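Owing to the predicted nature of the structure, the values given are computational and were not obtained by experimental measurement.
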Amino acid sequence: MEKPEQKYKINERVKACGWVGEDFGIVKDITWMYHSRLEEYTWGYKIEFEGEGPGLTFTFIPEGYLRKL
């Protein structure tokens with residue numbers, strides 16, 4: 001399986017969108033992960049949030065939940 005290019009980089013500021021909220025934060029780590037709800041592999045990003053976070057329970061947030069600023 002060929003991995004797609006990462007959309008975000010370490011230390012990049014991003015917006016994370018969850019089911020009940022959103023928050024801004026800085027990307028601190030990146031890993032290739034399996035997203036069980038989508039049943040596919042994707043890039044996951046560990047985010048240091050500025051506030052309480054977007055209400056997600058992931059340690060590494062799947063790429064689809066993040067937005068560029």
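Atom NZ of Lys9 is surrounded by 12 or fewer heavy atoms from other residues, nucleotides or ligands within 6.0 Å.
Nearest heavy atom pair, residue Thr42 against residue His35, reads CG2-CB, 4.1 Å. Ile30 and Trp43 get closest at one heavy-atom pair: CG2-CE3, 3.7 Å. Residues Asn11 and Lys28 approach most closely at OD1-NZ, 3.6 Å, considering heavy atoms.
Phe24 belongs to a hydrophobic cluster whose other members, connected by ILVMFWY side-chain contacts under 4.5 Å either directly or through intermediates, are Leu69.
The CD atom of Glu39 lies 4.5 Å from the OH atom of Tyr34; values are rounded to the nearest 0.5 Å. In this structure, Asp23 CG and Glu50 CD are separated by 6.5 Å, a value rounded to the nearest 0.5 Å. The CE atom of Met33 sits 10.5 Å away from the CD atom of Glu40 when rounded to the nearest 0.5 Å.
Taking 4.5 Å as the limit, every side-chain heavy atom of Val27 sits out of range of all side-chain heavy atoms of Glu48. Between Glu12 and Ile26 there is no side-chain heavy-atom pair separated by less than 4.5 Å.
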Let me have the donor-acceptor pairs involving side chains of residues 53-67, under 3.5 Å, with sequence neighbours excluded, atom names and distances please.
| unit_1 | atom_1 | unit_2 | atom_2 | d |
| --- | --- | --- | --- | --- |
| Glu63 | OE2 | Lys7 | N | 3.1 |
| Glu63 | OE2 | Tyr45 | OH | 2.6 |
| Tyr65 | OH | Arg37 | NH2 | 3.1 |
| Arg67 | NH1 | Gly64 | O | 2.8 |

